[in-house]
Peer 1: 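Okay, here's the structure, questions in a sec.
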Amino acid sequence: MSVVLNFKSHISELFAQALREVAPDAAQIDILIERPKQVSHGDYACNLAMQLARPLRKSPRDIAQALIAALPASDVIEKVEIAGAGFINLFLTKAAKQAIVHAVLHAGACYGHIHLGAGRKLQVEFVSANPTGPLHVGHGRGAAVGDCLCNVLHAAGWNVTREFYYNDAGAQIENLMRSVQLRCKGITPDDPSWPEGGYRGDYIADVARAYMARETVEADDQRTTGKGEVDDEVAIRHFAVAYLRREQDLDLRAFNVEFDVFSLESALYSEGKVEETVGRLIASGHTYEQDDALWLRTTDFGDDKDRVMRKTDGGYTYFVPDVAYHLEKWRRGFVRVINEQGADHHSTITRVRAGLQALDIGIPKGWPDYVLHQMVTVLKNGEEVKISKRAGSYVTLRDLIDEVGCDATRYFLAARHPDSQLVFDIDLAKSKTNDNPVYYIQYAHARISTVLETWGGERLSLLQADFGLLDSEYETALLQLMIDYPQVIESAAQDLAPHLLAFYLKDLAAAFHSYYNASRFLVDDEAVKCARLALIAAAAQVMSNGLALLGVSAPEKM
RNA sequence: GUGCCCAUAGCUCAACCGGAUAGAGCACCAGCCUUCUAAGCUGGGGGUUACAGGUUCGAUUCCUGUUGGGCACACCA
């Protein structure tokens with residue numbers, strides 16, 4: 001029999017054919033195939049008949065009859081039923097489901113890779129923290145969500161570039177340099193002369209010490225040696241940026257996140273990109289002069305008021321280099337760009353898009369995409385920890401990794417919808433007990449590893465097992481979940497919602513744990529044993545593939 | 001005051017672009033280890049999906065308003 005892997009699209013095509021026959025005029029209607037919540041409603045369901053009821057002016061059940069009669073034959077479908085108000089429920093043959101085991105074992109680490117992106121170039125910009133201090137929990141959420149999103153999009157067939165953009169020249173960097181310089185002179189934040197906005201964290205003293213000691217620091221994108229001269233502001237600025245960038249790189253590495261490209265805001269100025277962008281915006285006719293400033297008519301593109309581009313002092317406002325930066329992204333050939341950032345930056349979306357539209361060079365309206373994550377509140381000892389860079393009191397990403405572990409931290413931060421605010425309870429996550437959902441999934445994987453190790457046979461031989469023996473409700477549930485996996489990747493990629501993967505893996509682990517408790521695998525009957533081992537080996541493969549996308553390890557033992 | 005996001009079990013969160021009886025975990029109650037890992041499993045109680053309207057065969061989902069929480073509202077970045 002033919003092997004079908006994507007049942008949803010297969011069934012969708014069958015209905016498309018039936019639709020052309022039953023209602024040729026309505027052929028453009030969207031065919032939605034869904035997984036019913038109840039087992040008795042079949043493996044897949046279609047609501048097409050109900051959608052057609054109005055245009056055809058017939059009862060849904062009559063239309064369902066006609067659709068079923070026109071449905072082309074398929075050897076993966078066992079039976080088709082009409083239910084409820086006019087749902088068409090489809091049941092797959094056992095053989096069609098059982099074939100998934102072979103498919104998973106055969107594809108191995110590639111199972112779940114789909115061709116949605118068709119190799120097109122896509123860029124995800126995330127974290128993008130300015131080098132003025134250590135990464136905090138909010139950056140951690142960005143790192144976890146962004147990196148997982150990259151992994152998912154890669155699995156979905158996109159050619160993904162991970163990019164980190166930072167400002168190495170603005171007012172905050174000046175502030176940073178000043179704070180380090182004062183520390184070099186032995187002045188501390190409790191001194192009355194300490195500037196209002198100066199950075200007060202202890203790490204500033206570390207930077208100063210290293211600079212005075214003429215240490216050499218090497219970040220992923222730069223390398224500098226401290227000069228040890230208190231009055232050389234350029235050297236201090238350089239050193240401080242490199243030092244803090246290196247700290248961030250170390251944190252990110254410990255968090256299992258790596259970037260392909262680092263972009264500097266200063267480069268946009270030094271390479272003339274900002275000037276060029278301004279020139280183009282003026283030429284396109286969407287700007288005007290008023291009150292000695294240059295304005296962009298962003299209201300032409302949905303903004304609620306126009307924005308200043310060039311201030312009266314001649315400097316540009318922050319969104320101008322942002323537009324220049326995105327123009328560069330466009331020129332670099334990214335069909336799709338996704339910016340993952342904190343929700344506190346949401347006001348830039350309209351301005352950047354408006355600027356790109358104003359350039360009038362054919363950039364699509366909704367380009368680039370944004371994923372904004374809401375704030376993270378940290379709870380420690382039952383109390384909220386206030387985050388303040390200036391005061392130097394906040395929970396760093398490093399603190400979390402050290403206390404909670406990389407796996408759990410990544411899971412916690414990525415397993416929620418980015419749109420909802422997140423409470424990170426350190427004490428809860430720190431307690432190495434069963435409260436931590438990531439252990440639940442890892443435990444399932446470790447259990448399977450142990451069983452396979454105890455068996456000790458050649459795993460490749462499992463490909464020859466008789467999958468027809470996989471018949472129990474537990475086995476069927478596992479089969480169906482493994483069939484769903486590629487669809488989860490597709491949804492997560494399309495909705496830019498990596499948390500779906502985390503929830504899926506919990507379901508998969510739950511199905512396995514139930515199975516584990518209900519039946520034994522290492523039984524005397526050789527055929528049954530091989531079939532069951534093949535099934536759980538496939539389940540472990542899917543868990544391992546999914547955990548890898550989350551950036552979480554899949555341990556053999558726990 | 002204006003704009004964006006959110007509101008689902010006591011707590012932390014799901015719900016496949018409008019579907020069938022709204023689901024998990026934690027906590028609570030009752031069971032399951034001489035067997036491949038009990039970091040597990042099985043069963044139970046717990047809901048007017050913030051509130052009020054509207055759209056239709058059908059709404060947690062879409063629209064309007066109200067309430068409550070978060071964020072952003074400079075010629076700061």
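Letters A, B, ... mirror the listed sequences (proteins, then strands); counts begin at 1.
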Peer 1: Establish, for the pair A/Arg245 and A/Tyr166, whether the NZ or CZ atom is under 6.0 angstrom from the six-membered ring centre and no further than 45 degrees off its axis.
Peer 2: yes

Peer 1: Strictly below 4.0 Å, heavy-atom distances to any atom of RNA chain B: list the hits from residues 38-47 of chain A, or just say none.
Peer 2: A/Gln38, A/His41, A/Ala45, A/Asn47

Peer 1: How is A/Ala446 classified with respect to the nucleic acid when contacts are heavy atoms under 4.0 Å: base, sugar-phosphate, or nothing?
Peer 2: base

Peer 1: May I ask you to list the residues of residues 502-509 of chain A, by number, that have any heavy atom positioned under 4.0 Å from an atom of RNA chain B?
Peer 2: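 Heavy-atom contacts with RNA chain B come from A/Phe503.
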
Peer 1: Suppose you measure atom P in B/U55 against the same atom in B/U8; what distance do you get, rounded to whole Å?
Peer 2: 27 Å

Peer 1: Regarding A/Phe87, tell me which of base, sugar-phosphate or nothing describes its non-hydrogen contacts under 4.0 Å with the strands shown.
Peer 2: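 Contact class for A/Phe87: base.
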
Peer 1: Reading RNA chain B 5' to 3', how would its secondary structure be written in dot-bracket notation, given Watson-Crick and G-U pairs with both distances under 3.5 Å, brackets [ ] for crossing pairs and | for partners on other strands?
Peer 2: (((((((..((((.....[...)))).(((((.......))))).....(((((..]....))))))))))))....

Peer 1: Regarding A/Arg447 and the six-membered ring of A/Tyr516, is the cationic atom NZ or CZ under 6.0 Å from the ring centre and inside 45° of its axis?
Peer 2: yes

Peer 1: Nearest heavy atom decides the nucleotide; on that basis, is A/Asn89 or A/Glu556 closer to the 5' end of RNA chain B?
Peer 2: A/Asn89

Peer 1: Mind checking the C1' distance from B/G58 to B/G18? Whole angstroms is fine.
Peer 2: 8 Å

Peer 1: Using atom P of each nucleotide, how far apart are B/C28 and B/A72 to the nearest Å?
Peer 2: 39 Å

Peer 1: I'd like to know if A/Thr312 reaches the base of B/C75 with its side chain, counting only an N/O donor and acceptor under 3.5 Å.
Peer 2: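 Check passes, donor-acceptor contact within cut-off.
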
